[in-house]
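Written out below as structure tokens is the structure these notes cover.
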Amino acid sequence: MTSIRIAAAQTPEFRENLGAALDYAVRVAEADGVALLVFPEGFLQGYLTDERSARRVALDLASAEFAAVLDRLPKSGPVLVMGLIEIDDGRLFNTAVVVERGVLLGRYRKAHLLPGERAFEAGKDSPLFATGALRFGINICYDANFSEAAAKVAASGASLILCLSNNMMPRGKAEIFKPLHNAVRGERCRETGLWLISSDVTGERGGRIAWGPTAVLNQEGQVVAQLPLEEPGLLVFDFACDGQDAGARLK
């Protein structure tokens with residue numbers, strides 16, 4: 001059995017504080033033996049959806065500014081997957097970048113956008129990524145509500161979906177959706193036969209609250225590991241590349 005240690009961070013929000021987000025990522029990336037580490041949607045600059053704010057913090061992945069971000073990241077340790085706001089030829093995207101040892105391997109752009117995300121353009125591609133024997137694809141938050149998003153990951157040859165999320169919501173709405181996040185993600189697992197690991201923010205801000213969840217779901221859509229709600233932490237899971245449950249630990 002080939003087992004690969006994967007991890008997902010449940011983090012505070014970092015809004016327009018790139019330096020603090022990078023400091024946090026570097027500390028978390030020190031986890032022993034982790035080959036793949038996932039951070040939430042919009043992790044680097046914050047989940048900023050109004051166009052003026054998004055443009056102010058957006059990163060061009062071909063720019064010197066983003067090169068400086070890559071230079072801050074560890075040159076050893078896990079493959080990092082983190083959410084950011086991207087600008088490309090004047091267009092804004094809600095993006096996840098995949099970075100290994102300070103080198104950009106690729107990106108995924110959120111394909112299904114909420115009405116409040118009009119500042120962004122939708123992505124079209126669902127690339128396959130790999131670390132060792134593990135093949136994975138990416139969905140970002142609202143993507144998980146659409147069967148086709150997970151189906152594209154499955155069609156690429158992946159065995160694992162990374163679901164980067166940011167569920168900071170007004171408290172009333174958060175209460176309604178609290179039990180639904182894993183339920184919806186579980187549907188995608190059952191439809192595709194894929195595993196899923198999610199990463200989310202947690203905390204409170206201006207009448208809004210985020211509990212998570214940051215969790216691992218198996219092919220039957222069952223939660224096999226999850227961090228405590230409303231607590232920052234790191235979920236570490238030994239993923240068996242043959243699809244069996246190898247085990248989890250929390251940090």
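Since this is a predicted model, take the numbers as computed values, not measurements.
Formation of a donor-acceptor pair under 3.5 Å by the Arg107 side chain with backbone atoms of Leu104 is not found in this model. Ser53 contributes no side-chain N or O that, together with a main-chain N or O of Asp50, makes up a donor-acceptor pair within less than 3.5 Å. Remark: side-chain polar atoms of Gln10 are not paired, donor with acceptor, to backbone N or O of Gly233 under 3.5 angstrom. Under the 3.5 Å distance criterion, the side-chain polar atoms of Thr192 are left unmatched by any main-chain donor or acceptor of Ala150. Under a 3.5 Å cut-off, the side chain of Asp143 and the backbone N or O of His112 do form a donor-acceptor pair. Side-chain atoms of Asp88 never come within 3.5 Å of backbone atoms of Arg91 as a donor-acceptor pair (strictly under, hydrogens ignored). Of the possible donor and acceptor atoms, none in the side chain of Ser165 sits under 3.5 Å from a partner among the backbone N and O of Asn167. Looking only at distances, no side-chain donor or acceptor of Gln226 sits under 3.5 Å from a matching main-chain atom of Thr214. Side chain of Arg188 to backbone of Arg185: no donor-acceptor contact under 3.5 angstrom is found. A donor-acceptor contact shorter than 3.5 Å is absent between the side chain of Asp125 and the backbone of Pro127.
Between atom CG of residue Leu180 and atom CD of residue Glu187 there is a gap of 9.5 Å, rounded to the nearest 0.5 Å. For the atom pair CZ (Phe43) and CG (Leu80), the distance works out to 9.5 Å, reported to the nearest 0.5 Å. Once rounded to the nearest 0.5 Å, the distance linking CD1 of Ile161 with CG of Leu194 reads 4.5 Å. In this structure, CD on Glu117 lies 11.5 Å from CG on Leu48, to the nearest 0.5 angstrom.
When all heavy atoms of Glu230 and Ala210 are compared, the pair lying nearest together is CG-O, 4.2 Å. When all heavy atoms of Ile197 and Ala7 are compared, the pair lying nearest together is CD1-C, 3.9 Å. Of all the heavy atoms in Glu121 and Leu113, the pair that sits closest is C-CD1, 3.7 Å. Of all the heavy atoms in Pro78 and Ala29, the pair that sits closest is CD-O, 3.5 Å. When all heavy atoms of Gly83 and Leu164 are compared, the closest pair comes out as N-CD2, 3.5 Å. Nearest approach of Asp238 to Ser3, heavy atoms of both residues: CB-OG, 3.6 Å.
Salt bridge present: Arg109 and Glu86 bring a charged side-chain N and a carboxylate O closer than 4.0 Å. For the pair Arg208 and Glu204, the salt-bridge criterion is not met [side-chain N within less than 4.0 Å of a carboxylate O].
In the hydrophobic clustering of this structure, Phe239 does not group with Leu217; members are Ile, Leu, Val, Met, Phe, Trp, Tyr whose side-chain heavy atoms approach within less than 4.5 Å, directly or through other members.
The aromatic rings of Phe237 and Trp195 sit tilted relative to each other, their planes meeting at an angle between 30° and 60°.
Under the 6.0 Å cut-off for aromatic ring centres, Phe146 and Tyr142 qualify, their centroids lying closer than that. The aromatic ring centres of Phe120 and Phe93 sit 6.0 Å or more apart.
Counting heavy atoms from C-beta on, the side chains of Leu61 and Ile87 never come closer than 4.5 Å.
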